[in-house]
Structure formats: structure tokens, C-alpha cells
There are 2 protein chains.
Amino acid sequence: MLMPQRQTSMREAILDAAEELFSKNGFRAVSMREIAQASGANLGSISYHFGSKDGLLRAIYERHSGPMNRRRSELLTEAQRIRDPDDRLEAIVRAFILPSLSQSEGSVGGGARFARLRAVVMAERHEEAQKIIAETFNPINLAFIDALQACLPQLPRADIVWRTHFLLGAVSYTLINPWRVTRLSGGEADGENTEEALTQIVRAAVAAFRAPAGSDAAP
Amino acid sequence: MLMPQRQTSMREAILDAAEELFSKNGFRAVSMREIAQASGANLGSISYHFGSKDGLLRAIYERHSGPMNRRRSELLTEAQRIRDPDDRLEAIVRAFILPSLSQSEGSVGGGARFARLRAVVMAERHEEAQKIIAETFNPINLAFIDALQACLPQLPRADIVWRTHFLLGAVSYTLINPWRVTRLSGGEADGENTEEALTQIVRAAVAAFRAPAGSDAAP
DNA sequence: CTAGCATTTGTACGACTGTCCAAATGAGGC
DNA sequence: GCCTCATTTGGACAGTCGTACAAATGCTAG
């Protein structure tokens, strides 16, 4: 009687299938009929549960963004406890991207799958998606920027924002095209290897954040 | 009689309109009728000139990739003449991304518009587009990787590939979402300012490339 | 067992898609 | 002036899209 959000298994199946297909092929390219077939649900059921295709997308975001951002907050506060600024910087960078890259997230699906979905959908410039993303991720991103600023007090805030932006871009690009690294390196590097990607991106990002500010030149 | 590719102004108009729309909204989201209307052409004319929607996309790539890659090659060989490895590294990075970011390219449209198109279309995982991109840009990218390797002989090639990949990701992300930097910084940084983006990304990338290799840890 | 309600089903709708084609148009060589 | 061929036009085509809805179904409380 008063259990408003009882989770039918069909609802979950639809969410799973949609998430998988969206993350692989993008939002616009996937039809509701594909989702219906992949999830074993009837076409009408999707409309019944989620109202519209946009509603389905929003439900996917709502399922993940809560736990993911909670995890990032935890890791951030944990990282901020580190005294040495150098170690702290690395820990913050790691906390920033680990929940996106890690394969198995606490609650439901994989964090990597959801992150790839975000990257792909964001690139499609879908208006609804952009709104959801901004609402959901801007606050936590600002918290990370503040934490980075504390590690690098001499750096203008604009520089930190730029470099954070580049970090997000590197993560997105890696999630969208993992095979690109593998091909360009002739197999020497493995773009699909999550741990390798994490190690590489953290090292590069930390070095980038430690670069001098943009006011004056070298020697 | 034997002038196979006479350039009617209509053909150019269609290419211009399509490029503008694709770069703004992506490939799948733009219909041929939109392109027809925006260019003042008839729907049938597009099929007549380019055969199909994929053919139109391929024509856009063919119009730009030649001049762009020629420019990149020139800048690369120019940069490789620099003796000092530190200065050379920065020049190579600049040569790598400048033709993508610079507003006015030699031949036809803006280089930034085409680069944004590449980034958006690539994110859509359109098969034809991925094929074209790989064919066209892999060789020159490998040349850049070789040049970077020469500046950083102590670094494993896999690390260089990873960091080049991150650099491409940062550029893509900036082209797709220029406003994101502006918003996150509260207006302090300007994502749409090409020169600012170039300066910031070069400084960050150079520092990232100079980071130590991944075999052993710090203190 | 039955009434009531949440869910699932099947289908239909109008709008939009990329592609194709016959007819109309127009400009340049003879 | 006419013939030729590239280009443009307008419309038709088969297909897919997201959405809506009445009817069928199944589960659960009483």
C-alpha cells in the first residue's frame, strides 16, 4: 500500500539493458525497441516504468550518481587527511577518478560502464543529459578543485580549473576509446586494462598539476 | 568535358552547412533535410553530389584532413630542428594541437570547427567515421610519438603513447565542452578563448610528458 | 474465492528518417 | 538555334522512431 518504489525485477532489467546499450552506442543511436528486446521487456513496459526515453536516461543517472558521489566524497575527505602536500595531491587525484574507472561499484552496475555512458552521452550534447550532469557533478567537482587549491596555494584558481578539466577529458577519452591506446602503441600498452589506465593517468595528472603557473617563462 | 571535379558553389555550400551542423549537434542528430534547408540546397542535390550521408561525411574529412595534416607535418619538422630537448618538447606539443585549435585554417573552413566535428563524431562511435579517422590520423600521430620519444629517450614508449592519448582527450573535451571551464571557474577562465586554451594545455601536457616513468615510486 | 490494482501485452499512430528517381531546368559548345 | 549534359527539383518510397492506449494478465489483500 505505501511502498512507493518497490523494485520489480523487470524495472532493473530494463535499466541494466539500457545502460549497457547506451554506454556502448550512445543515447540517440539506441532505440527503445532494442532496449525492450535486450531486456526481455515489452516496448510498452518501458513507457510505463519511465514515461519516456529521457525519463529512462534520468533513472539511470539517479541509480548511480548518488552512490558514486558518496564514494568520491569519502575518498576525498580521506585523502584530505594526509599531511604531506605531495602525497595528498596524488591521493586527491586518485580519489577524483577512481570511482569512475573502477569496474565494480558498490551498489548496482559497474562504475566504468556508467562513466562511459556519461562520456558518450555528454559528447552527444543531449540537452537533458547535460542538465542532469551539471546538477549532479558540479558541486562535487568544485569540492575537488578546492582540495587541489589547498595543495597548490601558489597556483591561480583558473589554472587548477583548466587542469582539472583536462583530467576529466583524459578520463572521458580513455573510456570512450580504450582500444585507441592499444592500437597506437602496437599492443605495448593496454587501453582496456583499468589498473594500467589509472596508474598512467594519475602520474600524468599529478605532474600536470605541479607545473608552474602561467605568468612568467622559464630561464 | 574533362574537368571531373568542377566546384559548383552549391557543393561548397552543402559542405559548409553540414560541417557546421555536424560539429554543433553530432552526426546522427542532424538530418539531411536540415542540411538542405541550411545550405539552401534541395534534398536531392545532396544525394546527387555525395551519394549518401556517409559520403557527405567522408567528403568533409577529405576537404580538411589533407591541409591539416600537411600543416602538422610542417610544424613538426620545424619543431624537430630545435636543439634543446626541453624547448623541442614544447614545440612538438604545440605543433601537435595547434592545427586543431587554431580558428582560421589555410584552405576552407575553420580548423576548430572541423576538430570539434571530429571529437563529436568520434564520440558517437560511428563506424565509418572511426575508419576514416584511423586511416587519416594514425600515421601522423605515430610520427609525433616518435618525435616525442626522441625528446624523452629514458621514457618507455607505452608511457608516451598513454600521455599522447591523454593530450588528445584533453583537446577533444575542451572542443566539445568549452563552456565547462568557464562555468566551473565562475568566469575566471574562458573556455572559448583559443589562445588561453592552447597556453594552458601546452603547459600541462609538457609537464605530464616530463613526469618520471612508471617503474618505481618516489621517496 | 474474489475484487482491485499494478503490470504487461499488442497494436496503432503520426512524424521523421535516408534513399531513390523521373521530370524540369539551365548553361555552354557546335 | 539546337543539342547535350550536368545540375536541380519535387515527390514518393519503405522503414524506423518515440509515444499512447485499450485490453489482457497476474499478483495480493480481504
Side-chain angles (χ1 to χ4, degrees), chain A residues 1-19 21-22 24-61 117 120-121 124-129 131-132, chain B residues 1-19 21-22 24-61 117 120-121 124-129 131-132:
Chain A
M1 206 48 89
L2 48 110
M3 348 168 137
Q5 59 263 21
R6 175 120 176 275
Q7 302 271 17
T8 326
S9 71
M10 198 71 258
R11 218 189 106 102
E12 295 287 335
I14 294 171
L15 281 172
D16 282 340
E19 198 179 307
L21 287 169
F22 285 159
K24 206 183 293 177
N25 305 326
F27 181 72
R28 273 189 254 258
V30 175
S31 70
M32 310 216 60
R33 285 167 178 81
E34 279 181 78
I35 298 169
Q37 186 165 16
S39 63
N42 186 282
L43 177 60
S45 286
I46 307 183
S47 293
Y48 170 74
H49 282 292
F50 306 102
S52 66
K53 200 180 176 187
D54 280 356
L56 174 55
L57 184 65
R58 189 172 273 273
I60 292 176
Y61 275 88
L117 183 146
V120 171
V121 167
E124 286 190 64
R125 303 168 149 250
H126 188 72
E127 210 165 319
E128 177 79 355
K131 220 168 58 184
I132 302 173
Chain B
M1 207 55 83
L2 46 112
M3 350 169 135
Q5 59 266 18
R6 176 122 173 271
Q7 302 272 17
T8 328
S9 71
M10 198 71 259
R11 217 190 106 101
E12 295 288 334
I14 294 171
L15 281 172
D16 282 340
E19 199 178 305
L21 287 169
F22 286 158
K24 207 183 293 177
N25 304 327
F27 181 72
R28 275 189 253 257
V30 174
S31 71
M32 311 215 59
R33 285 167 177 80
E34 278 181 80
I35 298 169
Q37 186 166 17
S39 63
N42 186 281
L43 176 58
S45 286
I46 306 182
S47 293
Y48 171 75
H49 282 292
F50 305 101
S52 66
K53 200 181 177 187
D54 280 357
L56 174 56
L57 184 64
R58 189 172 272 274
I60 293 176
Y61 274 87
L117 183 147
V120 171
V121 167
E124 287 189 64
R125 305 170 147 245
H126 188 71
E127 211 164 319
E128 176 78 356
K131 221 167 59 183
I132 302 174

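Below, read A as the first sequence line, B as the second, and so on, with proteins coming before strands; counting in each chain starts at 1.
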Worksheet item: What closest approach, in Å, do A:Glu34 and A:Ala29 show between heavy atoms, and which atom pair accounts for it?
Response: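 Closest approach of A:Glu34 to A:Ala29, heavy atoms only: OE2-O, 3.5 Å.
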
Worksheet item: Which pair of heavy atoms, one from A:Ala36 and one from A:Asn42, lies closest together, and at what distance?
Response: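 So the minimum-distance heavy-atom pair works out to CB-C, 4.1 Å.
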
Roughly how many Å is it from [atom1] in [X] to [atom2] in [N], rounded to a whole number?
X: A:Met10; N: D:dG26; atom1: CE; atom2: P; value: 15 Å
X: B:Leu43; N: D:dT7; atom1: CG; atom2: P; value: 18 Å
X: B:Phe50; N: D:dA6; atom1: CZ; atom2: P; value: 17 Å
X: B:Asp54; N: C:dG18; atom1: CG; atom2: P; value: 11 Å
X: B:Ile46; N: D:dA6; atom1: CD1; atom2: P; value: 21 Å
X: A:Asn42; N: C:dA12; atom1: CG; atom2: C1'; value: 14 Å
X: A:Ile14; N: C:dT7; atom1: CD1; atom2: C1'; value: 11 Å
X: A:Gln37; N: D:dC17; atom1: CD; atom2: C1'; value: 16 Å

Fill in: Distance test, side-chain N/O of B:His49 to OP1/OP2 of D:dT8, below 4.0 Å
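True: B:His49 side-chain N/O within range (under 4.0 Å) of D:dT8 OP1/OP2.
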
Worksheet item: Can a side chain N or O of A:Tyr48 be found less than 4.0 Å away from OP1 or OP2 on C:dT8?
Response: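 Looking at the OP1 and OP2 atoms of C:dT8, neither is under 4.0 Å from any side-chain N or O of A:Tyr48.
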
Discussion item. If you assign A:Arg33 and A:Gly40 each to the DNA chain C nucleotide with the nearest heavy atom, which residue ends up on the more 5' nucleotide?
Written reply: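 It is A:Gly40 whose nearest nucleotide is closer to the 5' end.
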
Worksheet item: Out of D:dT19, C:dC20, C:dT8, which nucleotide sits closest to the side chain of A:Ser45?
Response: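 Side chain of A:Ser45 sits closest to C:dT8.
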
Discussion item. So A:Ser31, base contact, sugar-phosphate only, or nothing? Heavy-atom distance under 4.0 Å.
Written reply: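 Sugar-phosphate: the residue A:Ser31, judged by heavy atoms under 4.0 Å, touches backbone atoms but no base.
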
Worksheet item: If you measure from CG on A:Leu57 to CD on A:Glu19, what distance do you get to the nearest 0.5 Å?
Response: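 With rounding to 0.5 Å, CG (A:Leu57) is 10.5 Å from CD (A:Glu19).
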
Worksheet item: Does some side-chain heavy atom of B:Leu56 sit less than 4.5 Å from a side-chain heavy atom of B:Phe27?
Response: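 No, every pair of side-chain atoms sits at 4.5 Å or beyond.
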
Worksheet item: A:Gly51 or A:Glu34: which one's nearest nucleotide on DNA chain D is closer to the 5' end?
Response: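 Nearest-nucleotide comparison on DNA chain D picks A:Glu34.
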
Worksheet item: With nearest nucleotides of DNA chain D determined for A:Arg28 and A:Gly44 from heavy-atom distances, which residue corresponds to the more 5′ nucleotide?
Response: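 The 5'-side residue here is A:Arg28.
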
Worksheet item: Looking only at atom types and distance, does a side-chain atom of B:Arg125 sit under 3.5 Å from a main-chain N or O of A:Lys24, one as donor and one as acceptor?
Response: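 Such a contact is found between B:Arg125 side chain and A:Lys24 backbone.
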
